[in-house]
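The next block holds one structure in the form of structure tokens; read it before the comments.
Reminder, nothing fancy here: chain letters follow the sequence lines and each chain counts from 1.
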2 protein chains.
Amino acid sequence: MDITEELDERKVKILNAVIQTYLDTGEPVGSRTISKSSDLKLSSATIRNEMSDLEELGYIIQPHTSAGRIPSDKGYRFYVNHLLEEKDAEINEIKDLMILRTEKMEKVLKQVVKVLANNTQYASIISAPAISGNKVKFVQLSAVDEQHILSVVVMEGNLIKNKMIEIDEPLDAETLLKLNMLLNTNLNGLTVHDINLTLIARMKEEAGEFEPIIENVLNTIADTIGEDEKIEVYTSGATNIFKYPELADSEKASRFLTTFEEKESIIDLITEVQSEGDATGTGIQVYIGEESPIAGMRDCSVVTATYELGEGVKGTIGIIGPKRMDYKNVMSNLKNLKRQLDHTLKQQE
Amino acid sequence: MDITEELDERKVKILNAVIQTYLDTGEPVGSRTISKSSDLKLSSATIRNEMSDLEELGYIIQPHTSAGRIPSDKGYRFYVNHLLEEKDAEINEIKDLMILRTEKMEKVLKQVVKVLANNTQYASIISAPAISGNKVKFVQLSAVDEQHILSVVVMEGNLIKNKMIEIDEPLDAETLLKLNMLLNTNLNGLTVHDINLTLIARMKEEAGEFEPIIENVLNTIADTIGEDEKIEVYTSGATNIFKYPELADSEKASRFLTTFEEKESIIDLITEVQSEGDATGTGIQVYIGEESPIAGMRDCSVVTATYELGEGVKGTIGIIGPKRMDYKNVMSNLKNLKRQLDHTLKQQE
DNA sequence: GTTAGCACTCAATAATTAAGAGTGCTAATA
DNA sequence: TATTAGCACTCTTAATTATTGAGTGCTAAC
């Protein structure tokens, strides 16, 4: 698949011209168009011969006998790997990402994904950072009223979790203080996975008569943190596909949008992405057509970037669009966003 | 618009038959169909005459000269107001709505709206309860580390809000305690609107050298609570419109889905709904076609219910579907859901 | 190796036709 | 007087048939 291997310079130029033109117009491109538009001084007949070769090599396809050519998945792949020059896009800034309060975080992610969809005009997705490896920083129980105490857990990165716990009879201030100390001494610096049975047993023992409360709190902590194991995904701009005629007929649109609404398969994609490397060496992954792991999106291309807010705290951001998407713009957008998200944590530590 | 006014019994029967049939098939219905299917023993010619009258009266419409009739908005309206019999649908239960923690709340709402979309097979929306009139129940500041204190505000109905506040220099435990007392004594039982300048001035004075912190906390509270002034809306099942051919061509679908994705106009709808009464006397509002306040949804009908979790804490739940929707099923579903949501708070108090 | 020229192919569009559902009207009927 | 049968007419939908034109592949000349 190397440039020099099977394509001479002229073929590469022609292939590039075909793809570029197709990205613009969305119509199959013919030999005459290339002959006129490109800087190669060649007649359409010559181009035709070359295009015939390129088709034989699998880079372009003829949708039917007497039509121009469109890029094949292989063609796009070549384009992405070899022909794409980076472009440094201006992109709307993201502010205030500093504090990882879940609620806040969610708003920020919604905002980011909206900006991305807006910038690229493609359907966009972002997954919330998975925090399973994250450490407990601070725990506090407070008496709210006679039947309720509130547990607040702050994780590394200032992610905050609350839970209301029902109790049978009121706790006095002293007991509460004791419990708080007990919790903080034992849990501080631990991840959810570290909270094992031995520890729980020991804490229960120390708690004495308040054992049920400790148990409740620990469950609560495990629960609330565990909740985030299932990845949250936010999306925006799904309806942009109507802007691309090749995807806009109602059958395809229906399939696409339904897949998009059911977020499960997107989560699959996201997790797959996170575990894979990237071929381009830019921190960006590109799936073209059939390469995509999601069945409902075989007519599309998917471009994703994985951002990392800290050890084990990873999320993915990506866009889904027609194969003839503006890869250049998309990739620089994602790169930028990735940089910003990556940078965010540094600022905070 | 009363039954006896302009429609005799037979006309009503025929109108009913037309609408019922149209709801089933989605095709214009002709005189012969009615003649055969209904229990009236009349020939198609007679039916034709009656239908001609019904058209003149505005209850049904002929899409073109030689087609059957379809219900007009007025026809649907008549159907909804007079012909619809209630049906008590079984509906999946909703559990665990007890605690209004924002995060939790959100998950519950997402769940509810999904269930609704699933039950009805129409696009569904639900708005989170607006809490602006809600009272402060409990405030707590905790030192998390040297640069951060965490403010936790619990509102009536156990809605919890957190905010991390940055500070320049550490606070000792005693000061924190003092501040906590100050905050709780002054704010307890107040709504956001009650926190006025006079009160703020007095609290600042009492706070002495810690005035900046109090200010920060108060702003925080106002901010965090104020955030909810803009109504959150959750949606599900938007892609169901592809199930209804009359809405599924890509232009209409695009318009609809785009409106649906931009939640702004839905919020308009929701707020409008909350301020209006309902004509049916069932706590359910029905907008048919042009009656809808949303331009992008003039081809649809909208059915909504307002639920109330307590004084001033209101939300709206609704579905959007084709005009020929199964009003009976939708309305009973909404009614049920409304009851469950209404009931929820009682359980909690 | 490149190019001009030409016959051929095939999708897309438009035009034509055919079928059928449904109406409105009239005249006959109970 | 209300109902019905019958028939001509309308208009959509689907199917069929040109028409067009972009684009190719091939051949022969440069």
Worksheet entry | Inter-end axis angle, the helix from C:dG1-D:dC30 to C:dA30-D:dT1, with every axis fitted to five base pairs (rounded, 10 degrees) | 20°
Worksheet entry | Separation of C:dT2 C1' from A:M51 CE (nearest whole Å) | 17 Å
Practice prompt. May I ask you to verify whether the side chain of A:S66 and the base of C:dT9 hold a donor-acceptor pair under 3.5 Å?
Written response: yes
When you compare the protein's N or O atoms with those of nucleotides 25-27 of chain D, which come within less than 3.5 Å of each other, and at what distance?
{"residue": "D:dG25", "atom": "OP1", "partner": "A:R69", "partner atom": "NH2", "Å": "3.3"}
{"residue": "D:dG25", "atom": "N7", "partner": "A:R48", "partner atom": "NE", "Å": "3.1"}
{"residue": "D:dG25", "atom": "O6", "partner": "A:R48", "partner atom": "NH2", "Å": "3.3"}

Item to complete: Ignoring backbone atoms, establish whether B:S43 has a side-chain N or O less than 4.0 Å from OP1 or OP2 of D:dT4.
Response: yes
Discussion item. Working to the nearest 0.5 angstrom, can you tell me the gap between B:E261 CD and B:E264 CD?
Written reply: 10.5 Å
Item to complete: Establish, from distance only, whether the side-chain atoms of A:S127 and A:Y234 form a donor-acceptor pair under 3.5 Å.
Response: no
Response to the item:
note: B:R32, atom CZ; D:dA5, atom P; distance rounded to Å ~ 11 Å
Response to the item:
Here the gap from A:R77 atom CZ to A:Y287 atom OH, rounded to the nearest 0.5 Å, amounts to 9.5 Å
Worksheet, complete the sentence: Atom CD1 of B:I47 and atom C1' of C:dA21 are separated, to the nearest Å, by 17 Å
Worksheet item: Rounded to whole angstrom units, what separation is found between the CD atom of B:E27 and the P atom of C:dT23?
Response: 14 Å
Worksheet item: Which atom pair, heavy atoms only, marks the closest approach of B:A305 to B:I284?
Response: CB-CD1, 3.8 Å
Worksheet item: Could you give the NZ-to-C1' distance, from B:K41 to D:dA2, as a whole number of Å?
Response: 18 Å
Worksheet item: Can you tell me how far P of D:dA22 sits from NE2 of A:H64, to the nearest Å?
Response: 12 Å
Short N/O separations, protein against nucleotides 13-19 of chain C, under 3.5 angstrom:
none

Practice prompt. Would you kindly give the CD1-to-P distance between B:I14 and D:dT3, to the nearest whole Å?
Written response: 10 Å
Worksheet item: Which of these nucleotides, D:dT4, D:dT24, C:dT2, is closest to any side-chain atom of A:T46?
Response: C:dT2
Response to the item:
side-chain contact (heavy atoms from CB on, under 4.5 Å) test vs B:Y122 passes for just one of B:D326, B:N329, B:N333, namely B:D326
For residues 11-21 of chain A, dump all side-chain donor-acceptor pairs below 3.5 Å to protein atoms at least two apart in sequence or in another chain.
{"residue": "A:K11", "atom": "NZ", "partner": "A:E50", "partner atom": "OE1", "Å": "3.0"}
{"residue": "A:K11", "atom": "NZ", "partner": "A:D53", "partner atom": "OD2", "Å": "3.4"}
{"residue": "A:Q20", "atom": "NE2", "partner": "A:Y79", "partner atom": "OH", "Å": "3.4"}
{"residue": "A:T21", "atom": "OG1", "partner": "A:A17", "partner atom": "O", "Å": "2.6"}

Item to complete: Quick one: which residue pairs count as a ring pair (Phe, Tyr, Trp, His ring centres under 6.0 Å) with a foot in residues 248-269 of chain A, not counting sequence neighbours?
Response: A:F256-A:F260
Fill in: Residue A:R32 excluded, over 12 heavy atoms near CZ under 6.0 Å
no
Worksheet item: So what does A:S31 hit on the nucleic acid, given a heavy-atom distance under 4.0 Å: a base, only sugar-phosphate, or nothing?
Response: sugar-phosphate
Discussion item. Once side chain to side chain contact (heavy atoms under 4.5 Å, CB included) is applied, do any residues pair with B:E55, and if so which ones, sequence neighbours excluded?
Written reply: B:I60, B:Q62, B:R69
Worksheet item: Any Lys/Arg nitrogen of A:K323 or A:E246 sitting under 4.0 Å from an Asp/Glu carboxylate oxygen of the other?
Response: no
Worksheet entry | Separation of C:dG1 P from A:L40 CG (nearest whole Å) | 17 Å
Worksheet, complete the sentence: Per side-chain contact (heavy atoms from CB on, under 4.5 Å), A:S124 is matched among A:I320, A:V330, A:V113, A:V115 by A:V113
Worksheet item: Would you call the rings of A:Y76 and A:Y22 parallel, tilted or perpendicular, where under 30° means parallel and over 60° means perpendicular?
Response: tilted
Discussion item. With a 4.0 Å cutoff (strictly under), does any side-chain N or O of B:T65 reach OP1 or OP2 of D:dT12?
Written reply: no
Response to the item:
Per nearest nucleotide of DNA chain D, the residue lying toward the 5' end, A:G68 or B:R10, is B:R10
